[in-house]
Amino acid sequence: MPELEPRSSGREPTSAPPVRVLLVGPSLDILGGQAIQAARLLEQFRAVPGIQADFLPVNPRLPGPLAALQRVKYVRTIVTSIAYLVSLLARVPRHDVIHAFSASYYSYLLAPLPALVIGKLYGKRTLLNYHSGEADDDLANWRSAVPTMRRFADVIVAPSGYLVDVFARHGLEAVSIFNFVDLARLPYRERREPAPVFLSNRNLEPLYNVGCILEAFALIQAELPEARLIVAGDGAQRAMLEGRARELGLRGVEFLGRVPPAEMGALYDRADIYLNSPNIDNMPGSIIEAYAAGLPVVTTDAGGIPYIVRHDETGLMVPSGDSDGMAAAALRLIREPGLAARLAGTAREECLSRYVWPAVEAEWLALYRQLASRKPVAAGSDSPANA
């Protein structure tokens, strides 16, 4: 991982010119991990001396009557892409570092790749911040992705050691800097004797397999009739999942739909156990938010989750798709004295040491400065980011 410069304070000397960074990613109109992390970085960097941070959304809102075009299927993709490219051409020249957030497949081609290419055309330093748990399949089957990343990204940053390992398998070096949580928006509560109130807050899309949680909750409720489940999130499977809950005869299930990040802390506080059952994942921010809020975690072991959850230390892990195992683990948290408090306590300590802004600020600052100064960013296993 990167051999970054000294981390003691991370603050730029007042006499040095500021590093001008353009964050390019989805706005919170597209609610997801990339948008949330981009918003958090922008908020933090605007308070850091020596950094001038700005944000360019890949999904710009068109002004006036043109906004109507973004409500027309297919047309909205064309007009939004044109507006995005025009914004890039206008704003990239004013910055030193172009920090592009990336998902996989077509999303990579439509959003971060144009930012990287235009950045290079203007002679800027470019940073690809890759967040998708589908990276292995993406890099294996979209052959154009690897050479374009190698050519147009000066450095690839991933939020987990898992993705660093995936990139290495495809011949690409990556740097690991963790996602971080906003503690001010996450009320902490100790759950010594957790009530059977469960939370799921992943988008209702096939890869997150929220249906597994419903199957597990049916088994839980068969033993604990008073159990309740809060389902926050929206997506293509919402109607199907609501129908499945009725088929299973579940009671006390709330489908809340899309919940803004500012309101998520209250949901963590309402629940006593966090459930997560994806089939594909990277480093879910919801798990480290649960850590911060004091919620014991039961999760499947998809993708990069074993890199941030240690079974029986910071949470309980079961195989992907194992609803029986998820139910048994959840019941264990309720029935085994001291287990929930032990797991949640260890998880919160880990969160406070690794997944908060003070833990990652110096790494971002060092990386930006190395890029702006034209110094190479070398890979090395001794990086504090991957310790």
Side-chain angles (χ1 to χ4, degrees), residues 186-204 208-233 238 241-257 259 263-278 284 286-302 305 309-348 351:
L186 293 168
Y188 170 74
R189 178 166 61 85
E190 190 174 20
R191 282 90 166 165
R192 287 195 170 275
E193 296 180 358
V197 181
F198 302 89
L199 172 65
S200 164
N201 66 348
R202 307 306 299 274
N203 286 332
L204 307 185
Y208 297 122
N209 195 9
V210 176
C212 178
I213 289 176
L214 297 181
E215 302 286 343
F217 184 69
L219 299 172
I220 294 166
Q221 200 165 65
E223 299 202 29
L224 300 173
E226 73 278 18
R228 293 185 289 127
L229 174 63
I230 302 164
V231 181
R238 180 169 180 175
L241 291 168
E242 289 176 337
R244 184 58 180 151
R246 290 191 294 271
E247 291 173 4
L248 291 168
L250 302 180
R251 305 172 305 281
V253 179
E254 297 178 72
F255 283 89
L256 301 181
V259 176
E263 299 175 15
M264 192 58 67
L267 288 186
Y268 285 114
D269 197 43
R270 281 181 59 190
D272 274 20
I273 295 173
Y274 181 73
L275 301 179
N276 182 58
S277 60
S286 54
I287 286 182
I288 59 177
E289 287 177 344
Y291 283 0
L295 271 169
V297 170
V298 178
T299 182
T300 55
D301 60 358
I305 291 175
V309 178
R310 297 190 305 279
H311 179 64
D312 214 31
E313 292 184 45
T314 59
L316 298 178
M317 272 194 302
V318 301
S320 292
D322 185 1
S323 55
D324 289 357
M326 177 163 280
L331 290 169
R332 184 184 165 203
L333 284 171
I334 292 171
R335 291 171 171 167
E336 188 173 321
L339 177 62
R342 174 174 64 81
L343 296 180
T346 304
R348 181 169 166 84
C351 179

Exam field: side chain S200 to backbone V231, donor-acceptor pair closer than 3.5 Å: no
CG (L267) and OG (S286) are apart, to the nearest 0.5 Å, by 12.5 Å
Using a 4.5 Å cut-off on heavy atoms from C-beta on, say whether the side chain of V298 contacts that of N276. no
L214 versus L250: any side-chain heavy-atom pair under 4.5 Å? yes
Nearest 0.5 Å please: distance from the CE atom of M326 over to the CG atom of L331. 12.0 Å
Yes or no on side-chain contact (heavy atoms from CB on, under 4.5 Å) for R244 and E215, after CA distance, side-chain angles and deciding distance? CA-CA 9 Å; R244 184 58 180 151; E215 302 286 343; 2.8 Å; yes
Strictly distance-based, threshold 3.5 Å: is any side-chain N or O of R202 a donor or acceptor partner for the main-chain N or O of Y208? no
Can you name the closest pair of heavy atoms from R251 and P225 and give their distance? NH2-O, 3.4 Å
Could you go step by step and tell me if V297 and L343 meet the side-chain contact (heavy atoms from CB on, under 4.5 Å) rule? CA-CA 8 Å; V297 170; L343 296 180; over 6 Å; no
Heavy-atom closest contact (G249 atom, Q221 atom, distance): O-OE1, 4.3 Å
Electrostatic pair E254:R270 at N-O distance under 4.0 angstrom: yes
Looking at side-chain heavy atoms only, is the closest gap between I305 and P278 below 4.5 Å? yes
Heavy-atom side-chain proximity of L186 to M264 below 4.5 angstrom: no
Could you tell me if the side chain of L219 sits less than 4.5 Å from the side chain of D324, heavy atoms only? yes
Answer yes or no: is there a donor N or O on one side and an acceptor on the other, between the side chain of H311 and the main chain of M317, under 3.5 Å? yes
Looking at S320 and D301, what are the two nearest heavy atoms and their distance? N-OD1, 3.2 Å
Does the side chain of V210 come within less than 4.5 Å of F255's, by heavy atoms? no
Go through T300 and D322 one step at a time and tell me if the side-chain contact (heavy atoms from CB on, under 4.5 Å) criterion holds. CA-CA 8 Å; T300 55; D322 185 1; 5.9 Å; no
Between A344 and G294, the two heavy atoms sitting closest are CB-O, 3.5 Å
Less than 4.0 Å between a side-chain N and a carboxylate O, is that true for R335 and E193? no
For A195, does its backbone N or O pair with a side-chain atom of D272 as donor and acceptor, under 3.5 Å? yes
Here the pair of heavy atoms bringing C212 nearest to S323 is O-CB, 3.6 Å
For the CG atom of L333 and the CZ atom of R191, what is their distance to the nearest 0.5 Å? 12.0 Å
If we only count heavy atoms from C-beta on, is the T299 to S277 side-chain gap below 4.5 Å? no
Ring geometry between Y274 and Y268 (parallel below 30°, tilted from 30 to 60°, perpendicular above 60°): tilted
Could you walk me through whether R228 and V253 pass side-chain contact (heavy atoms from CB on, under 4.5 Å), step by step? CA-CA 6 Å; R228 293 185 289 127; V253 179; over 6 Å; no
Could you check whether D312 pairs with R342 (Lys NZ or Arg NE/NH1/NH2 to Asp/Glu carboxylate O, under 4.0 Å)? yes
So how far is it from L295 CG to F198 CZ, rounded to the nearest 0.5 Å? 11.0 Å
Hey, could you give me the CD1/CG distance between I220 and L229, rounded to the nearest 0.5 Å? 8.0 Å
Short question: side chain of R348, backbone of E190 - any donor-acceptor pair under 3.5 Å? no
Pairing of R238 and E242 as salt bridge, 4.0 angstrom limit: yes
Provide the closest heavy-atom pair for A232 versus L256 in the form atom of the first, atom of the second, distance. CA-CB, 4.4 Å
Can you tell if the side chain of I273 reaches within under 4.5 Å of the side chain of V197, non-hydrogen atoms only? no
